Visitor: 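Before anything else, here's the structure in question.
For the numbers below, each heavy atom of this structure counts, side chains included, while hydrogens, waters and symmetry mates do not. Ligands are counted one by one from 1 in listed order, and the atoms in each one are counted from 1 as well. Since the structure is predicted, the reported quantities are computational estimates derived from the model, not experimental observations.
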Amino acid sequence: MSKSVRNLHIVFGDQLSDRLQAFKDFDADKDAVLMMEVEQEATYVPQHKIRLVLFFSAMRHFRDHLRDKGFTVHYADLDDDNDRGSFGEEIPRWINKLHPEELVATQPGEHRVEEILRKAAKDADLELRIVEDDHFMCSLETFREWASDRKSLVLERFYRSQRQAHGILMDGDNPVGGDWNFDEDNRESFGKKGPPEIKAPRSFRADEITEAVIEMVEDRFTDSPGSLEGFDYPVTRKQALEALRDFIEYRLADFGTYQDAMAKGHPYLYHSRLSCVMNLHLIDPDEIVEAAVSAYEDGYAPINAVEGFVRQIMGWREYVRGIYWTRMPDYANKNHLDADRDMPAFMWTGETDMACVADAVGQLNDHAYAHHIQRLMVLGLFSLLVGVRPYDVHRWHMSMYADAIDWVSLPNVLGMSQFGDGGVMATKPYAASGNYINRMGDYCKDCRYKPKEATGEDACPFTTLFWDFLSRNRSKLQNNRRMTMMYKNLDRKSDADRRAIRERAAKLKDEMTAEAYL
Ligand code: FAD
Ligand code: DLZ
Ligand code: SF4
């Protein structure tokens, strides 16, 4: 017989922090924690094996951490026969078992999960206290206030307000270094020589807990995409802090300059690979920002690198979360460009002659990771140009990336990369031809296609589809001032060229078989 419970604190798989304010009034003598491994979260979209191991292993490590602190943790194990397989059924099972006086939870990372939680509490006629997720640097209330009287929610304005509010990289009222933004310095590619030797992110060997999870995932989720061969993600807070130190020491200084660069066979370049541990809450954004700012102040990293990095974390990351929670649930249905195609099968397998796509998808299968420019300007761009349904692109993203959680994937994918929201996240679609990929990376030299060509058998599919995208979406995009030049260039093409582009685009699309999983 379990002892009676005052507050039952539900900790979801992406809330692995005892620094959260939901824990502030936790009394180990009276309260208990509930964590649930459930089949449905691993299958409601097919999920990469690395992502599954990451969540389950990090959850189990956190469970043990809490137990070591003396907390009572009720843990639903996926392999336990009593596990009912979904939050919707597990929460009632534990309520019936423990009869808590109140349910407490940190704001979930998904609208869907919040709805399930509210329904479970209502059905059980139980008080539910949802506590603000103070892992984040900007509360949802502050974001709402900031957004409430604005027509245009430009990131730059939000970012500056956050820098001022937190006093980060500020010299009185002015930005350190004399500018808010050093993007001009941050657009280098590696040129013909390719990248120098760059130390890869710190690799973590699987311990006993992770080994057991790997075995479970291999046995149970045989059909899930991806490979577990090289699983080396941090899964504890201690490891997350080591990963941060490693990034600051070896890669931060060049993060800015090469932020937009790509290179074949180099998944990480100067990127941090900290999104997973941050999204799981093993480490907080203010800790990361402080470490980067200290590196600048101590002379280890230049301002363009540190400002560029800080902008991603206290700018973009907080901003997309604000967009998500102020726009959901309608946001998920947005499809401004009426895109209606399926995700092509090669976006799962990487089996395509397009060298850039093959490299990025291969990397996804091996690491469940692609860096920002691959996401936006290779895989996202291709889906946009083909016209895949934005929500399907998001579902694919949730399947393939270890760091995807609804609040961060949906605005980035549906909004920023697919222009599904019609201009909330981006002032124009991130549409480009193969020339952009050629300029920023080295894929094209080994590709059977030619980035400059739009028609003919050797034409780069990105380039053909780019012009086709502009033609198809003319009525919705041509009045966008930021696209005037693109439409002028399209209009300079002869009728014969435009016909040839249309025909080749249709052929390319006809040849794409539908997705393997969705
Ligand atoms: P770095 O390049 O080292 O950047 C540092 C940190 O900045 C990241 O760890 C991340 O926490 C933050 N960051 C940077 N850009 C963004 C952004 N646009 N939104 C939110 N945080 C940002 N990030 C996710 O965490 N999960 C996602 O599901 C996700 N989906 C994306 C989908 C698309 C189409 C695009 C264009 C971007 C997406 N991002 C997502 C944002 C960003 O690409 C990843 O955070 C980043 O690539 C993760 O790698 P990193 O940790 O090495 O990042
Ligand atoms: C992604 C994921 C997976 C695979 N499994 C679980 C799980 O078993 N239990 C859990 O609490 N969370 C899991 N998650 C994360 C959820 O899908 C979802 O992102 C969070 O609950 C949102 O707060
Ligand atoms: Fe990608 Fe086109 Fe370059 Fe090939 S030519 S690598 S498809 S951009």
Visitor: Around atom 2 (Fe) of ligand 3, find the nearest protein heavy atom and jot down its residue, atom name and distance.
Guide: Cys460 SG, 2.3 Å
Visitor: With side-chain contact (heavy atoms from CB on, under 4.5 Å) as the test, would you mind laying out the steps for Val53 and Tyr233 before giving the verdict?
Guide: CA-CA 9 Å; Val53 171; Tyr233 274 92; over 6 Å; no
Visitor: Give me the nearest non-hydrogen protein atom to atom 10 (C) of ligand 1 as residue plus atom name, then the distance to 0.1 Å.
Guide: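 That would be Ser275 CB, 4.2 Å.
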Visitor: Quick test: of every protein heavy atom, which one is nearest to atom 29 (C) of ligand 1, and how far off is it to 0.1 Å?
Guide: Arg375 NH1, 3.3 Å
Visitor: Give a yes-or-no answer on whether the side chains of Asn186 and Asn304 include a donor-acceptor pair shorter than 3.5 Å.
Guide: yes
Visitor: Among all protein heavy atoms, pick the one closest to atom 28 (O) of ligand 1 and tell me residue, atom and distance.
Guide: Ala404 CA, 3.1 Å
Visitor: Taking the six-membered ring for Trp, are His371 and His271 parallel (under 30°), tilted (30 to 60°) or perpendicular (over 60°)?
Guide: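 The rings of His371 and His271 lie parallel, inter-plane angle below 30°.
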Visitor: Would you mind running through ligand 2 and noting each atom that sits below 4.0 Å from a heavy atom of Met36?
Guide: 7 (C), 8 (O), 9 (N), 10 (C), 11 (O)
Visitor: Mark yes or no for whether Glu218, through its side chain, and Ile214, through its backbone, hold a donor-acceptor pair below 3.5 Å.
Guide: no
Visitor: Within the 4.5 Å heavy-atom criterion, are Phe62 and Arg237 side-chain neighbours or not?
Guide: no
Visitor: For Leu52, take its heavy atoms, then give the atoms of ligand 2 lying under 4.0 Å from any of them.
Guide: 4 (C)
Visitor: Between Asn279 and Asp403, is there a donor-acceptor pair closer than 3.5 Å when you use the side chain of the first and the backbone of the second?
Guide: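 Yes, because the side chain of Asn279 sits within donor-acceptor range (under 3.5 Å) of the backbone of Asp403.
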Visitor: Hey, looking at atom 51 (O) of ligand 1, which of Leu252, Val277, Leu274, Leu379 has the closest heavy atom?
Guide: Leu274
Visitor: Charged N to carboxylate O under 4.0 angstrom, Arg504 versus Asp468?
Guide: no
Visitor: Between Arg317, Gln259, His271, Met400, flag the one that comes closest to atom 21 (N) of ligand 1 by a heavy atom.
Guide: Arg317
Visitor: Does the ring pair (Phe, Tyr, Trp, His ring centres under 6.0 Å) test come out yes or no for Tyr430 and Tyr436, once each step is laid out?
Guide: CA-CA 11 Å; Tyr430 280 88; Tyr436 176 87; 9.2 Å; no
Visitor: Suppose I only count heavy atoms of Gln47 and a 4.0 Å limit; which atoms of ligand 2 are within that range?
Guide: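 By the 4.0 Å cutoff, the relevant atoms are 1 (C), 4 (C).
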Visitor: At a 4.0 Å threshold, what atoms of ligand 3 neighbour a non-hydrogen atom of Ile437?
Guide: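 Taking each heavy atom of Ile437 in turn, ligand 3 has 8 (S) under 4.0 Å.
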Visitor: Between Asn181 and Arg160, does any side-chain donor sit less than 3.5 Å from a side-chain acceptor?
Guide: no
Visitor: Which residue owns the protein heavy atom closest to atom 53 (O) of ligand 1, what's the atom, and how far is it?
Guide: Ser272 OG, 3.9 Å
Visitor: For ligand 1, does Met416 get within less than 4.0 Å through its side chain, its backbone, both, or neither, judged by non-hydrogen atoms?
Guide: side chain
Visitor: Is the closest side-chain donor-acceptor distance between Tyr331 and Asp421 under 3.5 Å?
Guide: yes
Visitor: Distance to 0.1 Å, residue and atom name: give those for the protein heavy atom nearest to atom 26 (N) of ligand 1.
Guide: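 Checking every protein heavy atom, the shortest distance to atom 26 (N) of ligand 1 gives Asp403 O, 3.0 Å.
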Visitor: Test salt bridge (Lys or Arg N to Asp or Glu O under 4.0 Å) on Asp353 and Arg448 and set out the steps.
Guide: CA-CA 7 Å; Asp353 286 345; Arg448 93 161 184 77; 3.0 Å; yes
Visitor: Checking Phe158 against Phe143 for the ring pair (Phe, Tyr, Trp, His ring centres under 6.0 Å) test, could you report, in this order, the C-alpha distance in whole Å, the side-chain angles of both residues, the deciding distance, and whether it holds?
Guide: CA-CA 8 Å; Phe158 170 75; Phe143 187 88; 5.3 Å; yes
Visitor: With a 4.0 Å heavy-atom cut-off (strictly under), which part of Phe255 contacts ligand 1: side chain, backbone, both or neither?
Guide: side chain
Visitor: When you measure from the heavy atoms of Met59 to every atom of ligand 2, does any distance fall below 4.0 Å?
Guide: yes
Visitor: For atom 13 (N) of ligand 1, state which one of Gln312, Arg311, Met314 supplies the nearest heavy atom.
Guide: Gln312
Visitor: Give the C-alpha distance, both sets of side-chain angles, the deciding distance and a yes or no for ring pair (Phe, Tyr, Trp, His ring centres under 6.0 Å) between Tyr268 and His367.
Guide: CA-CA 10 Å; Tyr268 303 112; His367 306 291; 5.7 Å; yes
Visitor: Any heavy atom of Phe247 sitting closer than 4.0 Å to ligand 1?
Guide: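 Per 4.0 Å heavy-atom rule, Phe247 does not contact ligand 1.
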Visitor: Could you tell me whether any N, O or S atom belonging to Cys356 is less than 2.8 Å from atom 1 (Fe) of ligand 3?
Guide: yes
Visitor: Checking a contact table here: which protein heavy atom is nearest atom 5 (S) of ligand 3, and how many Å away?
Guide: Tyr449 O, 3.5 Å
Visitor: What is the nearest protein non-hydrogen atom to atom 42 (C) of ligand 1, stated with its residue, atom name and distance?
Guide: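 Nearest protein contact, heavy atoms only, for atom 42 (C) of ligand 1 is His372 ND1, 3.4 Å.
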Visitor: Can you tell me which residue and heavy atom of the protein come closest to atom 4 (Fe) of ligand 3, and the distance to 0.1 Å?
Guide: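 Checked against all protein heavy atoms, atom 4 (Fe) of ligand 3 sits closest to Cys447 SG, 2.3 Å.
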Visitor: What protein heavy atom is closest to atom 16 (C) of ligand 1, reported as residue, atom name and distance in Å?
Guide: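 Protein heavy atom with the smallest distance to atom 16 (C) of ligand 1: Trp316 CB, 3.8 Å.
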Visitor: Return yes if a side-chain donor-acceptor contact under 3.5 Å exists between His394 and Ser409, otherwise no.
Guide: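 There is such a pair between these side chains.
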Visitor: Among side-chain atoms of Asp286 and His166, is any donor-acceptor pair under 3.5 angstrom?
Guide: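 No donor-acceptor contact under 3.5 Å links the two side chains.
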Visitor: Count the heavy atoms of every other residue, nucleotide or ligand shown that sit under 6.0 Å from CD of Glu215, and state whether that count exceeds 12.
Guide: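 12 or below, so no.
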Visitor: Hey, which of His111, Lys119, Arg112 is the one that makes side-chain contact (heavy atoms from CB on, under 4.5 Å) with Glu115?
Guide: His111
Visitor: Check contact between Tyr369 and ligand 1, using heavy atoms of the residue and a distance below 4.0 angstrom.
Guide: yes
Visitor: Atoms of ligand 1 less than 4.0 Å from Ile313 heavy atoms?
Guide: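 That gives atoms 6 (C), 7 (O) of ligand 1.
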Visitor: Hey, does Met278 come in under 3.5 Å of ligand 1, counting only N/O atoms on both sides?
Guide: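 In fact, backbone or side chain, Met278 has no N or O that close.
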Visitor: Give the atom numbers and elements of ligand 2 that come within less than 4.0 Å of a heavy atom of Pro108.
Guide: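 So the answer, numbered in order with elements, is 23 (O).
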Visitor: So that I can check it, does any N, O or S atom in Cys444 come closer than 2.8 Å to atom 3 (Fe) of ligand 3?
Guide: yes
Visitor: Can you sort out which atoms of ligand 2 are near Phe55, meaning under 4.0 Å from one of its heavy atoms?
Guide: 1 (C), 2 (C), 14 (N), 15 (C)
Visitor: Students should be able to answer this: which protein heavy-atom is nearest to atom 5 (C) of ligand 1, and at what distance?
Guide: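 Nearest neighbour among protein heavy atoms for atom 5 (C) of ligand 1, to 0.1 Å: Phe309 CE1, 3.5 Å.
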Visitor: Would you kindly say whether Gln107 and Gln15 are connected by a side-chain donor-acceptor distance under 3.5 Å?
Guide: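 No pair is found: no donor N or O on one side chain lies under 3.5 Å from an acceptor on the other.
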Visitor: Apply ring pair (Phe, Tyr, Trp, His ring centres under 6.0 Å) to residues Tyr270 and Phe255 and explain how you reach the verdict.
Guide: CA-CA 5 Å; Tyr270 293 106; Phe255 173 89; 8.8 Å; no
Visitor: Could you tell me, atom by atom, which parts of ligand 2 come under 4.0 Å of a heavy atom of Gly13?
Guide: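 Near Gly13, the atoms of ligand 2 are 10 (C), 11 (O), 12 (N).
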Visitor: Would you mind listing which atoms of ligand 2 come within a distance below 4.0 Å of any non-hydrogen atom of Arg51?
Guide: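 Under 4.0 Å from Arg51, ligand 2 has these atoms: 1 (C).
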Visitor: Heavy-atom contacts with Met354 under 4.0 Å: which atoms of ligand 3 show up? List them by number with element.
Guide: 7 (S)
Visitor: Distance under 4.0 Å to a non-hydrogen atom of Phe87: what atoms of ligand 2 satisfy this?
Guide: 9 (N), 10 (C), 11 (O), 12 (N), 21 (O)
Visitor: Pairs of nitrogen or oxygen atoms closer than 3.5 Å, one from Tyr44 and one from ligand 2: do any exist?
Guide: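 N/O-N/O distance under 3.5 Å: no.
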Visitor: Could you check if a side-chain atom of Asn335 sits within less than 4.5 angstrom of a side-chain atom of Tyr391, using non-hydrogen atoms only?
Guide: no
Visitor: Go through ligand 1 atom by atom and flag the ones less than 4.0 Å from a non-hydrogen atom of Arg273.
Guide: 50 (P), 51 (O), 52 (O)
